[in-house]
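Side chains are part of it too, since the values below use all heavy atoms of this structure and drop only hydrogens, waters and symmetry mates. None of these values were measured; they are calculated from a predicted model. Chain letters run A, B, ... following the sequence lines, proteins first and then strands; every chain starts at 1.
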Protein chains: 2
Amino acid sequence: MARTNHRSNSRAAASQVASEACVARLSLYVRELARLETQRVGYVSSRRLAQQLGLTDAQVRRDLSYFGQFGTSGLGYEVQRLHERLTSILGMADRTWNVALAGVGNLGSALLAYRGFQERGFLFRVAVDADPQKVGRLVQGVEVAAVQRLTELVRRNHIHIGLIAVPVASAQEVCDQLVAGGVRAIVNFAPARLEVPSSVRLRAVDLAIELESLAFYLARNQ
Amino acid sequence: MARTNHRSNSRAAASQVASEACVARLSLYVRELARLETQRVGYVSSRRLAQQLGLTDAQVRRDLSYFGQFGTSGLGYEVQRLHERLTSILGMADRTWNVALAGVGNLGSALLAYRGFQERGFLFRVAVDADPQKVGRLVQGVEVAAVQRLTELVRRNHIHIGLIAVPVASAQEVCDQLVAGGVRAIVNFAPARLEVPSSVRLRAVDLAIELESLAFYLARNQ
DNA sequence: CACTGTGAATGCATTCACAGCG
DNA sequence: CGCTGTGAATGCATTCACAGTG
């Protein structure tokens, strides 16, 4: 969609579109830069950044070049400045994101409890579950509502991102409700393929696939 | 490692090496085939399989071709037979895998409780935690042991796969203990890069990165 | 005829390699 | 010098397109 194919001779702005893998690495850079910042490191070279993260220096430079020119020849990148710039590019500076959770089982509870989200500005505003026993309970400071209210709550709370941690059987239904409520992105933890309009970004985290892939390679090497 | 680079003129066996992405899709094929089998579907074409999973027919055929010739011209693939063959190729037929869990917090508990693992032959034999309060407790039928015993327990129970669900600060330490005990594969849920010998397969599942990537795209489209 | 299996073509992501800069 | 930023080269994964088959 929306192929950004403008002429590449304008040197001012980032020209090409960054791949999804590249965007994922941005998060890694931010993490490492945060670490370096607490250690009062002033400058870091692409080489050193790469070594720390298990990448190549060329890859680091290429990744960063998609978003602008941040470095200084002969010196490297100014840690604090690059950290700020990347945080902002990742949409994590000076703002928060509203998150709704569907499914407060073991996995859902783990997600609610994960401190990393809060720290990075992802705030759980809504949690729902199909189990009437759970409705009304307070989990990690969030009150669990009935799943029937999902669409309404998503709309009312201006939720940006929905997390699906319900059984496969109800995943698509819950997904539709999130979409109806106006979420713009979804992370799906259920082992099912979900249909969403192309305007909604969808990511899947599939634990079974991770293990099964490993089993494949283990089965190979005797 | 162990590059399977034998001559490609022997038509009997799969010639090229399958990519990791391809192996991950194998799991998807198995799932869909299982579903078709319960529906008593006898044959399925690459086209139909692809539609169900959101792939292209060419990709399905190419993926399967890495592992052999399973189809019949004009008919498609015999569901039951292909299901059996792929299950076996994934190392999930007639055998189980022993799994150890490090970290019985919210996420760890969710992993222990996930029924999908058991069903696919992944058996939790060991669980450890650093919190003395948790040691001795029975979680999902597994007794929690002290983290200090991890290496010993991994070795004694012939653990194949280790799951790391501990805080970043202790992730590398726990990883080293798993390796010392002889695991051959690790799934890391901590947001940290881990060092392992090249003989150990490592996969990372990073929840924060999933959300941050989404935030990037949301921040872009206004 | 409907389908597979696969060379060849394409399209991306990564890496190389180096001009240019501080 | 040491390092960035980036064209060009490489290496993969995906898709095309079609010969071959039951």
Would you kindly give the [atom1]-to-[atom2] distance between [X] and [N], to the nearest whole Å?
X: B/Tyr43; N: D/dT21; atom1: OH; atom2: P; result: 19 Å
X: B/Leu82; N: C/dG5; atom1: CG; atom2: C1'; result: 14 Å
X: A/Leu64; N: C/dA13; atom1: CG; atom2: C1'; result: 16 Å

Are side-chain heavy atoms of [X] and [Y] found at a separation under 4.5 Å?
X: B/Phe189; Y: B/Val166; value: no
X: B/Ser45; Y: B/Asp57; value: no
X: B/Glu210; Y: A/Leu163; value: no
X: B/Val205; Y: B/Asn188; value: no
X: B/Leu218; Y: A/Trp97; value: yes

Within residues 46-63 of chain A: residues closer than 4.0 Å to DNA chain D (heavy atoms): A/Ser46, A/Arg61, A/Arg62
Position toward the 5' end of DNA chain C (nearest nucleotide), B/Phe70 or A/Thr72: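 Per heavy-atom nearest nucleotide, the more 5' residue is B/Phe70.
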Those residues of residues 21-33 of chain A lying under 4.0 Å from DNA chain C by at least one heavy atom: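 Only A/Arg25 qualify.
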N/O (side chain, B/Tyr77) to phosphate O (OP1/OP2, C/dG5) under 4.0 Å: yes
Residue-phosphate contact under 4.0 Å: A/Gln69 side-chain N/O, C/dC21 OP1/OP2: no
Audit row: A/Arg31, B/Glu212, salt bridge (Lys or Arg N to Asp or Glu O under 4.0 Å) steps and yes/no: CA-CA 11 Å; A/Arg31 251 185 223 158; B/Glu212 289 176 20; 5.4 Å; no
Polar side-chain contact B/Ser73-D/dT21 base: donor and acceptor under 3.5 Å: yes
Six-ring centre of B/Phe216, B/Arg220 cation under 6.0 angstrom, axis tolerance 45°: yes
Test: B/Arg35 and B/Glu32 ion pair at under 4.0 Å: yes
Worked check of salt bridge (Lys or Arg N to Asp or Glu O under 4.0 Å) between B/Asp206 and B/Arg193: CA-CA 10 Å; B/Asp206 195 317; B/Arg193 188 175 78 104; over 6 Å; no
Closest to the B/Ser19 side chain, choosing from C/dT14, D/dT14, D/dT4: D/dT14
